[in-house]
Amino acid sequence: MRWTSGEFVADDDTARIDVDVVHGYLRTSYWSPGIPREVVRKAIEGSLCIGVYAADGTQVGFARAVTDRATFAWIADVFVLDEYRGHGLGRFVVSTLLEHPELRGLRRTMLATADAHTLYQSYGFTPLDKPDVFLHIARDPKALYQ
(Lines give C-alpha, C1' and ligand atoms only; values in the text may rest on other atoms or scores of the structure.)
Protein backbone atom coordinates (compact mmCIF):
# COMPACT_ATOMS: atom_id res chain seq x y z
CA MET A 1 0.00 0.00 0.00
CA ARG A 2 1.07 3.57 -0.60
CA TRP A 3 0.25 6.85 1.13
CA THR A 4 1.31 10.38 0.23
CA SER A 5 2.14 13.52 2.17
CA GLY A 6 3.10 16.36 -0.13
CA GLU A 7 6.07 15.19 -2.20
CA PHE A 8 6.73 12.21 0.09
CA VAL A 9 5.42 8.66 -0.21
CA ALA A 10 5.06 5.99 2.46
CA ASP A 11 5.08 2.41 1.23
CA ASP A 12 4.74 -0.95 2.99
CA ASP A 13 6.61 -2.87 0.27
CA THR A 14 9.62 -4.35 2.10
CA ALA A 15 11.33 -5.02 -1.24
CA ARG A 16 11.62 -1.25 -1.66
CA ILE A 17 13.37 -0.65 1.67
CA ASP A 18 17.01 0.36 1.38
CA VAL A 19 18.60 -1.83 4.05
CA ASP A 20 21.77 0.27 3.89
CA VAL A 21 19.83 3.44 4.81
CA VAL A 22 18.03 1.71 7.68
CA HIS A 23 21.23 0.07 8.91
CA GLY A 24 23.15 3.33 8.59
CA TYR A 25 20.70 5.06 10.90
CA LEU A 26 20.11 2.25 13.39
CA ARG A 27 23.77 1.40 13.94
CA THR A 28 24.28 4.88 15.40
CA SER A 29 20.94 5.20 17.24
CA TYR A 30 20.75 5.14 21.02
CA TRP A 31 18.65 1.96 21.02
CA SER A 32 20.74 -0.25 18.74
CA PRO A 33 24.34 1.01 18.55
CA GLY A 34 26.51 -1.19 16.40
CA ILE A 35 23.67 -3.40 15.14
CA PRO A 36 24.92 -5.58 12.27
CA ARG A 37 23.43 -5.13 8.81
CA GLU A 38 22.32 -8.78 8.74
CA VAL A 39 20.30 -8.30 11.96
CA VAL A 40 18.60 -5.25 10.44
CA ARG A 41 17.80 -7.23 7.28
CA LYS A 42 16.25 -10.06 9.35
CA ALA A 43 14.26 -7.57 11.44
CA ILE A 44 12.83 -6.00 8.29
CA GLU A 45 11.96 -9.44 6.88
CA GLY A 46 10.05 -10.39 10.03
CA SER A 47 8.13 -7.15 10.51
CA LEU A 48 5.44 -4.99 8.99
CA CYS A 49 7.50 -2.06 7.71
CA ILE A 50 6.82 1.39 6.34
CA GLY A 51 9.45 3.20 4.33
CA VAL A 52 9.17 6.92 3.59
CA TYR A 53 10.58 8.11 0.27
CA ALA A 54 11.34 11.48 -1.30
CA ALA A 55 10.08 12.31 -4.80
CA ASP A 56 13.29 10.92 -6.33
CA GLY A 57 12.79 7.56 -4.55
CA THR A 58 15.44 8.14 -1.87
CA GLN A 59 14.47 6.54 1.42
CA VAL A 60 14.24 9.21 4.13
CA GLY A 61 12.33 7.51 6.95
CA PHE A 62 11.31 4.17 8.40
CA ALA A 63 9.20 2.46 11.03
CA ARG A 64 8.30 -1.13 11.72
CA ALA A 65 5.87 -3.15 13.77
CA VAL A 66 6.72 -6.53 15.21
CA THR A 67 3.28 -8.09 15.19
CA ASP A 68 1.11 -11.17 14.97
CA ARG A 69 -1.36 -8.99 13.01
CA ALA A 70 -4.18 -10.18 15.30
CA THR A 71 -3.64 -9.12 18.91
CA PHE A 72 -0.31 -7.39 19.48
CA ALA A 73 2.26 -5.05 17.94
CA TRP A 74 5.53 -3.54 19.11
CA ILE A 75 6.45 -0.34 17.27
CA ALA A 76 10.20 -0.08 16.71
CA ASP A 77 12.99 1.63 14.81
CA VAL A 78 11.08 4.80 13.94
CA PHE A 79 13.25 7.46 12.34
CA VAL A 80 13.46 10.26 9.80
CA LEU A 81 16.90 11.17 8.47
CA ASP A 82 18.15 14.45 9.95
CA GLU A 83 18.19 16.34 6.67
CA TYR A 84 14.47 15.56 6.10
CA ARG A 85 13.18 16.55 9.52
CA GLY A 86 10.83 19.49 9.76
CA HIS A 87 8.46 18.23 7.04
CA GLY A 88 6.07 16.35 9.36
CA LEU A 89 7.52 13.02 8.27
CA GLY A 90 7.77 11.65 11.82
CA ARG A 91 4.03 12.06 12.19
CA PHE A 92 3.51 10.76 8.65
CA VAL A 93 5.38 7.50 9.21
CA VAL A 94 3.85 6.87 12.65
CA SER A 95 0.30 7.65 11.43
CA THR A 96 0.74 5.44 8.40
CA LEU A 97 1.99 2.53 10.46
CA LEU A 98 -0.67 2.82 13.16
CA GLU A 99 -3.47 3.13 10.56
CA HIS A 100 -2.22 0.20 8.48
CA PRO A 101 -5.02 -2.33 7.89
CA GLU A 102 -2.86 -5.13 9.32
CA LEU A 103 -2.72 -3.33 12.69
CA ARG A 104 -6.38 -2.44 13.12
CA GLY A 105 -8.22 -3.91 16.08
CA LEU A 106 -5.17 -5.07 18.02
CA ARG A 107 -5.60 -5.56 21.76
CA ARG A 108 -2.24 -4.00 22.62
CA THR A 109 0.27 -1.83 20.77
CA MET A 110 3.44 -0.93 22.61
CA LEU A 111 6.69 0.94 22.10
CA ALA A 112 9.58 2.40 24.03
CA THR A 113 11.11 5.83 23.56
CA ALA A 114 13.63 7.96 25.37
CA ASP A 115 12.78 11.23 23.65
CA ALA A 116 9.47 11.26 21.73
CA HIS A 117 6.83 10.89 24.42
CA THR A 118 4.81 13.89 23.24
CA LEU A 119 4.63 12.55 19.69
CA TYR A 120 3.39 9.13 20.80
CA GLN A 121 1.02 10.49 23.44
CA SER A 122 -0.72 12.40 20.66
CA TYR A 123 -1.67 8.98 19.22
CA GLY A 124 -3.06 7.75 22.55
CA PHE A 125 0.01 5.99 23.93
CA THR A 126 0.18 6.21 27.73
CA PRO A 127 2.55 4.89 30.39
CA LEU A 128 1.84 1.32 31.43
CA ASP A 129 -1.02 1.04 33.93
CA LYS A 130 0.70 -1.83 35.69
CA PRO A 131 4.38 -1.72 34.84
CA ASP A 132 5.04 -4.28 37.57
CA VAL A 133 3.33 -7.03 35.50
CA PHE A 134 5.67 -6.52 32.53
CA LEU A 135 9.04 -8.24 32.46
CA HIS A 136 11.81 -8.22 29.92
CA ILE A 137 15.24 -9.57 29.13
CA ALA A 138 17.56 -6.79 28.03
CA ARG A 139 20.98 -7.27 26.52
CA ASP A 140 23.42 -4.42 26.01
CA PRO A 141 23.64 -3.81 22.25
CA LYS A 142 27.25 -2.74 22.57
CA ALA A 143 28.14 -6.15 24.04
CA LEU A 144 25.73 -8.10 21.84
CA TYR A 145 26.91 -6.72 18.49
CA GLN A 146 30.66 -6.75 18.98
Side-chain angles (χ1 to χ4, degrees), residues 1-33 35-131 133-139 141 144-145:
M1 295 181 68
R2 288 188 178 189
W3 302 261
T4 59
S5 178
E7 66 182 82
F8 297 95
V9 173
D11 194 333
D12 67 356
D13 181 2
T14 56
R16 188 173 179 188
I17 291 171
D18 186 333
V19 177
D20 291 329
V21 169
V22 178
H23 175 248
Y25 188 90
L26 295 181
R27 69 184 171 81
T28 62
S29 69
Y30 72 82
W31 64 88
S32 60
I35 191 169
R37 186 182 186 284
E38 180 60 16
V39 172
V40 171
R41 186 197 60 75
K42 283 178 66 176
I44 291 168
E45 248 180 40
S47 300
L48 174 62
C49 299
I50 301 292
V52 178
Y53 306 90
D56 67 359
T58 301
Q59 185 168 351
V60 301
F62 178 80
R64 68 186 182 98
V66 182
T67 183
D68 61 8
R69 293 173 164 82
T71 64
F72 178 81
W74 178 268
I75 306 303
D77 298 336
V78 178
F79 71 85
V80 173
L81 296 177
D82 291 343
E83 57 269 31
Y84 291 93
R85 291 186 181 170
H87 297 279
L89 297 178
R91 287 198 170 279
F92 180 46
V93 71
V94 171
S95 295
T96 302
L97 185 59
L98 292 176
E99 294 169 7
H100 195 284
E102 296 276 349
L103 299 183
R104 289 193 190 135
L106 301 181
R107 189 170 58 238
R108 184 179 310 271
T109 302
M110 298 178 70
L111 58 80
T113 184
D115 57 4
H117 292 80
T118 303
L119 170 67
Y120 294 112
Q121 286 169 341
S122 72
Y123 291 100
F125 284 91
T126 61
L128 295 172
D129 290 334
K130 298 179 182 178
V133 302
F134 288 86
L135 303 172
H136 74 279
I137 296 172
R139 294 185 175 90
L144 187 62
Y145 301 136

**Q.** Heavy-atom donor-acceptor pair, Asp12 side chain to Met1 backbone, under 3.5 Å
**A.** yes
Q: Test side chain to side chain contact (heavy atoms under 4.5 Å, CB included) on Val40 and Arg27 and set out the steps.
A: CA-CA 9 Å; Val40 171; Arg27 69 184 171 81; over 6 Å; no
Q. In Å and rounded to the nearest 0.5 Å, what is the OG1 to CH2 distance from Thr109 to Trp74?
A. 11.0 Å
Q: Decide yes or no for His117 and Phe125: does some side-chain heavy atom of the first lie under 4.5 Å from some side-chain heavy atom of the second?
A: no
Q) For Arg85, does its backbone N or O pair with a side-chain atom of Glu83 as donor and acceptor, under 3.5 Å? A) no
**Q.** Non-hydrogen atoms of Ala65 and Ala73 that approach each other most closely
**A.** CB-CB, 4.4 Å
Q. Tell me, do Val22 and Gln59 make a side-chain contact under 4.5 Å, heavy atoms counted?
A. yes
**Q.** Non-hydrogen atoms of Thr71 and Leu106 that approach each other most closely
**A.** N-CD2, 3.6 Å
Q.
So, taking the atom named OG1 in Thr67 and the one named CG in Leu103, what distance separates them when rounded to the nearest 0.5 Å?
A. 5.5 Å
Q. Minimum heavy-atom separation for Tyr84 to Ala54, with atom names?
A. CE2-CB, 4.4 Å
Q. Side chains of Val94 and Ile75: does their closest heavy-atom pair fall under 4.5 Å?
A. no
Q. Are Lys42 and Glu38 close enough for a salt bridge, meaning some N to O gap below 4.0 Å?
A. no
Q. Would you say Ser29's side chain and Leu26's backbone share a donor-acceptor pair under 3.5 angstrom?
A. yes
Q) Would a 4.5 Å heavy-atom cut-off, applied to side chains only, mark Ile17 and Tyr53 as touching? A) yes
Q: Say whether Trp31 and Asp77, considering side chains only, have a donor N or O and an acceptor N or O under 3.5 Å apart.
A: yes
Q.
For a quick test of reading the model, state the closest non-hydrogen atom pair linking Ala116 to Thr113 and the distance between them.
A. N-OG1, 3.0 Å
(Q) Measuring from atom CZ of Arg64 to atom CZ of Phe79, what distance do you get when rounded to the nearest 0.5 angstrom? (A) 11.0 Å
Q. Below 4.0 angstrom, N of the basic side chain to O of the carboxylate: do Arg2 and Asp13 qualify?
A. no
Q: Using only heavy-atom distances, determine whether the side chains of Arg91 and Ser122 contain a donor-acceptor pair under 3.5 Å.
A: yes
Q: Compare all side-chain heavy atoms of Val9 with those of Arg16 and state whether any distance is below 4.5 angstrom.
A: yes
Q.
Working to the nearest 0.5 angstrom, can you tell me the gap between Thr14 OG1 and Ile44 CD1?
A. 8.5 Å
**Q.** Any side-chain heavy-atom pair of Trp3 and Glu99 under 4.5 Å
**A.** no
Q) Could you go step by step and tell me if Leu111 and Tyr123 meet the side chain to side chain contact (heavy atoms under 4.5 Å, CB included) rule? A) CA-CA 12 Å; Leu111 58 80; Tyr123 291 100; over 6 Å; no
Q: Mind listing the closest non-hydrogen atom pair of Pro33 and Tyr145 along with its distance?
A: O-CD1, 3.6 Å
Q | Spacing of CZ belonging to Phe62 relative to CG belonging to Leu97, to within rounding of 0.5 Å | A | 9.5 Å
Q) Do the side chains of Arg37 and Asp20 get nearer than 4.5 Å, heavy atoms only? A) yes
Q.
The test is side chain to side chain contact (heavy atoms under 4.5 Å, CB included); show your working for Val21 and Thr58 and say whether it passes.
A. CA-CA 9 Å; Val21 169; Thr58 301; 6.0 Å; no
Q. Looking at Val80 and Tyr25, what are the two nearest heavy atoms and their distance?
A. O-CE1, 4.3 Å
(Q) Rounded at 0.5 Å granularity, tell me how far CG in Leu48 sits from CD in Glu102. (A) 6.5 Å
Q) Between the main-chain N or O of Ala114 and the side-chain N or O of Tyr30, is there a donor-acceptor pair closer than 3.5 Å? A) yes
